[in-house]
Participant: 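Structure incoming, see below.
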2 protein chains.
Amino acid sequence: MAKKQNKGTDLSSEEKIIAAARKVFTKKGYAATRTRDIAEEAGMNLALLNYYYRSKEKLFQLVMTEKMQQLFGVIVPIVTNNEIKLETKIEQLADKYIDMLSANPDLPLFVLSEIKQNPEQFKKKMQLEKLIRNSSLIQQLKEKRPDIDPIHFLINILGMLVFPFIARPIIFGVDMENQDRFHAFIQQRKKLIPAWVKAMLARK
Amino acid sequence: MAKKQNKGTDLSSEEKIIAAARKVFTKKGYAATRTRDIAEEAGMNLALLNYYYRSKEKLFQLVMTEKMQQLFGVIVPIVTNNEIKLETKIEQLADKYIDMLSANPDLPLFVLSEIKQNPEQFKKKMQLEKLIRNSSLIQQLKEKRPDIDPIHFLINILGMLVFPFIARPIIFGVDMENQDRFHAFIQQRKKLIPAWVKAMLARK
DNA sequence: GTCTATAAGGGGATAGAC
DNA sequence: GTCTATCCCCTTATAGAC
């Protein structure tokens with residue numbers, strides 16, 4: 001722990017570093033990030049980084065674990081909740097996930113890219129695969145449409161939620177002017193996605 | 001051009017290098033790729049890489065341009081085709097895009113990640129944004145559902161096509177055993193996606 | 001055209017003063 | 001706890017022999 005424990009709004013050096021690491025790692029990815037970038041972003045010296053976190057790799061693992069929990073933490077409780085019906089799950093997913101992604105637009109591409117580089121490592125961390133396959137949502141989808149693999153619908157739902165954030169630079173560009181437009185666009189999807197999913201699930 | 005122009009199935013050194021570069025860059029991304037990796041993958045010396053392509057950056061630009069054309073080259077002719085009706089466009093998109101992505105599963109995450117790192121640079125290369133916004137597909141979507149921004153549907157279609165390839169390690173893992181299962185799963189979507197899009201577009 | 005050897009610089013990590 | 005200076009490996013790129 002740091003000696004200077006700031007009581008006010010300021011962060012300790014330790015906290016400044018990890019905050020900077022979150023920012024730089026999620027923006028540039030592990031390989032393109034230099035520890036010097038993180039130190040500069042934190043407004044402090046490079047040596048402090050190693051003093052507090054030992055190595056770039058260690059610091060990255062901390063951030064990565066956090067970010068995976070952030071990305072999946074919203075989904076799991078909703079998807080596995082036995083108490084609520086299918087329609088409500090979809091509505092909650094759309095609402096909560098879009099809010100989270102709006103606040104962390106770089107998150108999906110970052111996590112998915114890093115997992116791709118190191119799939120084994122992260123698959124063991126969270127046995128997400130089985131968790132999802134045995135979830136209440138999957139059961140409900142299977143009941144509704146026993147003729148179609150429920151994973152299709154899960155992918156569609158997540159894809160509709162996540163893909164706009166991944167494809168944003170292509171569809172919307174990155175100009176400042178477009179930022180408000182993008183935000184409004186994304187907000188519309190909170191209502192639209194549940195309706196589309198309902199339509200997809202209905203038998204023709 | 002190389003002096004040794006192989007007439008048979010063998011590739012010239014120049015071609016071996018760019019083939020290796022395609023493979024390594026798409027797999028690991030620009031920052032994590034070392035020119036040594038490419039040279040080794042090509043089965044040749046590091047110096048040859050610079051002899052033929054001057055620098056890592058130059059070689060990357062070649063690959064990146066190719067890969068962007070590969071990723072968008074399938075979409076644009078279909079989306080902008082004035083001759084065919086909406087339903088046919090969706091069917092063709094699903095069919096062609098899934099085939100292309102099955103053959104190049106790393107392509108979307110690679111291109112989207114690299115564009116994110118350097119958005120300006122690549123936006124200028126192809127004025128994709130305007131091309132899409134003025135496309136026949138967008139017009140048809142607008143006619144069908146004037147009450148909803150057609151970009152929503154475009155994103156949904158592309159998301160349903162692309163997202164499985166991006167999220168694959170999370171949903172399916174990377175085990176060899178799952179490879180066939182994933183392939184079969186993806187093939188199903190050629191039929192399913194057009195049906196889902198139709199359902200989404202119908203008025204309730 | 002292809003190789004070996006090496007230059008030149010970048011980047012992660014640490015020693016040691018304060 | 002924090003800083004400056006420095007170490008040292010790794011990586012890109014080139015020089016020069018063949």
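Per chain, numbering begins at 1; letters A, B, ... match sequence-line order.
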Participant: Go through the structure and list residues passing side chain to side chain contact (heavy atoms under 4.5 Å, CB included) with A/Asp147, not counting sequence neighbours.
Facilitator: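 So A/Asp147 forms a side chain to side chain contact (heavy atoms under 4.5 Å, CB included) with A/Arg145, A/Arg203.
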Participant: Does any part of the side chain of B/Glu57, heavy atoms only, come nearer than 4.5 Å to the side chain of B/Tyr30, both counted from C-beta?
Facilitator: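 Side-chain contact under 4.5 Å: yes.
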Participant: Once you round it to whole Å, what is the distance between P of D/dT2 and OH of A/Tyr53?
Facilitator: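 Atom-to-atom, A/Tyr53 to D/dT2, this comes out as 12 Å.
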Participant: B/Leu48 CG to D/dA15 C1': how many Å, rounded?
Facilitator: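 After rounding, the gap between these two atoms is 15 Å.
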Participant: Tell me the interatomic distance from B/Met44, atom CE, to C/dT2, atom P, rounded to whole angstroms.
Facilitator: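 These atoms are roughly 5 Å apart.
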Participant: Got a sec, which residues hit side-chain hydrogen bond (donor to acceptor under 3.5 Å, both in side chains) with B/Glu83, two or more places apart in sequence or on another chain?
Facilitator: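 Partners of B/Glu83 under the side-chain hydrogen bond (donor to acceptor under 3.5 Å, both in side chains) test: none.
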Participant: Within the pair B/Tyr52 and C/dT2, is there a side-chain N or O less than 4.0 Å away from OP1 or OP2?
Facilitator: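 Indeed, a polar side-chain atom of B/Tyr52 lies that close.
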Participant: Using distance only, find each side-chain donor-acceptor pair of residues 150-166 of chain B under 3.5 Å and give its atom names and separation, not counting sequence neighbours.
Facilitator:
unit_1	atom_1	unit_2	atom_2	d
B/His152	ND1	A/Arg189	NH1	3.0
B/His152	NE2	A/Gln188	OE1	2.6
B/Asn156	OD1	A/Arg189	NH1	3.3
B/Asn156	OD1	A/Arg189	NH2	2.4
B/Asn156	ND2	B/His152	O	3.3

Participant: What residues, two or more places apart in sequence or in another chain, satisfy salt bridge (Lys or Arg N to Asp or Glu O under 4.0 Å) together with A/Asp149?
Facilitator: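 Expected list: none.
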Participant: Please list residues of residues 17-32 of chain B whose heavy atoms come under 4.0 Å from any atom in DNA chain C, ordered by number; otherwise none.
Facilitator: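 None, since no heavy atom is under 4.0 Å.
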Participant: Please list, chain by chain and in numerical order, all residues satisfying side chain to side chain contact (heavy atoms under 4.5 Å, CB included) with B/Thr33, sequence neighbours excluded.
Facilitator: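 So B/Thr33 forms a side chain to side chain contact (heavy atoms under 4.5 Å, CB included) with B/Val24, B/Phe25, B/Lys28, B/Ile38.
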Participant: Between protein and nucleotides 5-18 of chain C, map the contacts as a letter string: B base, S sugar-phosphate only, - none, heavy atoms under 4.0 Å, written 5' to 3'.
Facilitator: ------BBBBB---
Participant: With A/Arg181, which residues qualify under salt bridge (Lys or Arg N to Asp or Glu O under 4.0 Å), at least two apart?
Facilitator: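 None.
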Participant: Hey, can you pull the donor-acceptor pairs under 3.5 Å for the side chains in residues 40-47 of chain B, sequence neighbours left out?
Facilitator:
unit_1	atom_1	unit_2	atom_2	d
B/Glu41	OE2	B/Lys23	NZ	3.1
B/Asn45	OD1	B/Ala47	N	2.7

